[in-house]
Amino acid sequence: MQILRLKFKLVFSLKLPKSNWRFKITHNEGVFMNYREEYEKWCTDPYFDQATQAELKALTDEKEIEDRFYRTLEFGTGGLRGEIGAGTNRINVYTVRQATQGLANYILSRGGQDKGVMLTHDNRLFSPEFARAAALVLNANGIKTYLTESLRPTPELSFGVRELGCIAGVMITASHNPREYNGYKVYWEDGGQITPPHDKGIMDEVEKLTDITDVRTMDEDDARVAGLFHIVGEELDDKFIAAVKSLSIHPEIIREMAPNFVVAYTPLHGTGNVPVRRVLKELGFTQVYVEPEQKIADGNFPTVPKPNPENPDAWEYVLRLAEKVDADIVLATDPDADRLGVCCKDTKTGKIIEFSGNMSGILIADYILKERKATGTMPPNPALCDTIVTTDMTRLLAEDYGVALMETLTGFKYIGEQIRFFEEQGTYDYLFGLEESFGCLAGTYARDKDAVGSVMMLCEVAAYYKKKGMTLWDAMVELYERYGYFKEGLDFIVCKGKDGAAEIKAKMETFRNNPPKELAGLQVLAIRDYNTGIRKDLITGEETSTGLPKSNVLYFELSDNAWACARPSGTEPKIKFYYGVKEASLEASEEHLEKLRQELVSYA
């Protein structure tokens, strides 16, 4: 590939007239790429397999060809994520190998090759192939690998990296994205997703690989003979499930209530089916019904195009099952089983209540704090962790129980990082972490959100309240009455294609340079710009530090305990809007939240 590198301080993309060249800005470095030349290379170079070349030769739309080759799929702070397909701007075996070569170079630079790397994958299309290809690149660089025998959930990778003593881990998944996506997530030896300095170090190594064919790989049989390629299976599964079960506070309540406690569950064609059913069975839950059409792992997602429990259409099948079996709790995990959605029936009205991630997370947090205190098992310096866009009810809950609360940037990897900080510094005892996007973690067996453990905890919470004659919704209303009716939301604007990044940047700059003075009748009291690290009080003019690392996030503190936030997505071509209110009733909170949503999105 021809590359001309020029140093510029430009912040936009442009196309030179009557040309196939594209100008790309990456870390203040302009890169001219001839997408047509790269396309022809992929079509003719024997390095690329026949299926790849046939796919590309069948393309007739010049814009499609341009989109596939105008840039290299970006390796970001968490790894790769993109549409499956042939081309430099798609995720495929070649871009996976390229990313893995960069990871290998970084591991070698730190002398971590003998510790090895654990790899696993979810049910998505080509996930097994990508995982094996990544393992063989690592092997070709003299790095041991531990590949799971079949698909496994993300939290088991987080657990396994530490259990096996690996330097890093790779999870092939696109999490909750639509079926046409796949991804490549990197974990470090603490079991958490890569954070500074490792994220930047790996990104730099990947960026140095300017030719996609400049990658090492080897034959699997040769890697086995050399003692580099290893398969892991049931033994690690057993240890993972045992670690999850150890978090149960009242196993006796589960055994007592299990005969009359009904669970309806869907893994949405993903990895959750086996571990979720196993952990519930071993704890004593006997009435567990799995949605039959969605229990089979299938990357085509034939019954649900967007396998995300945050989407209402993901619930259609399992809610029919729940009605049939009269379920006490209805559960859905995303494809890599790190996110958990929950519904339950309001027995007073007969309506199905769909819980937000904030609601399910706060219910587990309250249960852990309450019952650890009641049973005398609270650690000496307990701490909760959440993110800047998680419900503010967490703060009141922490104050009520006298525990520390650590707030992080958006993304569970920062909560996982806090666990490491606590251990290294000997400061706090991590109890629970939650984020708004259906992710939480009890205990420290993993360092990322875990839907398997959350299923177990939430079923125990529901059984605990059923013994008291209450549903989960009753318990949630009780918390609302105690702390206030907090309500939060999320919306987004999709900005696809080569111009999408510029559009997202422009929208963020609108908020940054011309911020709103009020939203939905709420005064903007202060603005936190995490990109500059400054919080500005708009009443006094005082400027203070946000106290968190640099990130392209704007947070608006509003009157009446409300707030709003804008940030570009780290995995999709979107700008995301988060917002929350606190009112005296459920109806008032819902009404005010909708007004805030409308004004926030329209302002962009």
Side-chain angles (χ1 to χ4, degrees), residues 153 241 244-245 248 250-298 301-304 307-335 337 339-357 359-360 363-364 367 438 451-477:
I241 294 297
V244 172
K245 287 164 55 183
S248 176
H250 288 299
E252 75 283 358
I253 291 179
I254 294 174
R255 290 191 294 269
E256 178 186 351
M257 301 304 296
N260 298 307
F261 185 84
V262 181
V263 179
Y265 166 65
T266 176
L268 296 176
H269 299 291
T271 62
N273 184 36
V274 172
V276 165
R277 291 167 66 187
R278 178 179 174 182
V279 75
L280 292 180
K281 180 179 180 180
E282 292 186 10
L283 281 166
F285 289 102
T286 57
Q287 304 295 316
V288 179
Y289 296 88
V290 182
E291 208 296 313
E293 293 190 58
Q294 296 178 334
K295 70 179 181 180
I296 299 171
D298 188 341
F301 301 105
T303 65
V304 54
N308 182 357
E310 293 179 86
N311 294 331
D313 59 3
W315 292 94
E316 178 185 354
Y317 283 69
V318 73
L319 286 178
R320 286 204 300 260
L321 173 65
E323 184 70 24
K324 180 179 178 182
V325 300
D326 193 23
D328 293 286
I329 189 170
V330 192
L331 304 169
T333 55
D334 71 339
R339 296 171 186 248
L340 171 66
V342 58
C343 294
C344 84
K345 183 182 289 186
D346 177 4
T347 53
K348 297 179 179 64
T349 65
K351 290 176 57 178
I352 293 292
I353 306 295
E354 184 177 339
F355 287 61
S356 68
M359 293 163 64
S360 57
L363 280 167
I364 298 174
Y367 174 77
F438 288 62
V452 180
S454 300
V455 163
M456 186 210 75
M457 290 303 305
L458 205 54
C459 285
E460 179 171 325
V461 173
Y464 169 89
Y465 282 111
K466 184 166 186 177
K467 185 177 179 180
K468 294 176 173 290
M470 300 169 62
T471 66
L472 278 181
W473 176 239
D474 295 332
M476 191 67 234
V477 172

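In this text the structure is predicted, and so the values were computed from the model without any measurement.
A donor-acceptor contact shorter than 3.5 Å is absent between the side chain of Asp334 and the backbone of Asn308. No donor-acceptor distance shorter than 3.5 angstrom exists from the side chain of His269 to the backbone of Ala297, with no hydrogens or angles considered. The backbone N or O of Leu340 sits nowhere less than 3.5 Å from a side-chain atom of Thr333 that would complete a donor-acceptor pair.
Residues Ala258 and Gln287 share a closest heavy-atom pair of O-CG, 3.9 Å. Nearest heavy-atom pair across Tyr465 and Thr471 is CB-O, 4.4 Å. Considering all non-hydrogen atoms of both residues, Pro259 and Thr286 come closest at CA-OG1, 4.0 Å. Pairing each heavy atom of Asn273 with each of Lys295, the nearest pair is ND2-O, 3.5 Å. Nearest heavy atoms, Gly357 versus Phe438: N-CE1, 3.5 Å. Heavy-atom minimum distance, Ala337 versus Pro153: CB-CB, 3.6 Å.
With no hydrogens or angles considered, a side-chain donor-acceptor pair links Thr266 and Gln294 at under 3.5 Å.
Annotation: side chain of Ser454 is not in contact with side chain of Ser360 (no heavy-atom distance under 4.5 Å). Taking the side chain as every heavy atom from C-beta outward, Ile254 and Phe285 approach each other to under 4.5 Å. Considering only heavy atoms from C-beta on, Ile329 comes within 4.5 Å of Phe261 through its side chain. A 4.5 Å side-chain heavy-atom check between Ile253 and Glu460 finds every atom pair outside the cut-off. Annotation: side chain of Leu331 is in contact with side chain of Cys459 (closest heavy-atom distance under 4.5 Å).
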Please test Arg320 against Glu316 for salt bridge (charged side-chain N to carboxylate O under 4.0 Å, His left out), starting from the C-alpha separation and ending with a verdict. CA-CA 7 Å; Arg320 286 204 300 260; Glu316 178 185 354; 3.2 Å; yes
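Of the listed residues (Lys345, Lys466, Lys348), just one forms a salt bridge (charged side-chain N to carboxylate O under 4.0 Å, His left out) with Asp474, and that residue is Lys348. The side-chain contact (heavy atoms from CB on, under 4.5 Å) test with Cys344 is passed by exactly one of Asp328, Leu472, Ile352: Leu472.
Atom CZ of Arg278 and atom NZ of Lys245 lie 7.0 Å apart (nearest 0.5 Å). One distance of note links CD of Glu291 with CH2 of Trp315; it measures 12.0 Å at 0.5 Å rounding. In this structure, CD1 on Ile353 lies 11.5 Å from CE on Met476, to the nearest 0.5 angstrom.
Atom CD of Glu323 is surrounded by 12 or fewer heavy atoms from other residues, nucleotides or ligands within 6.0 Å.
Note on ring orientation: taking the six-membered ring where Trp is involved, the planes of Tyr464 and His250 are parallel (angle under 30°, cut-offs 30° and 60°).
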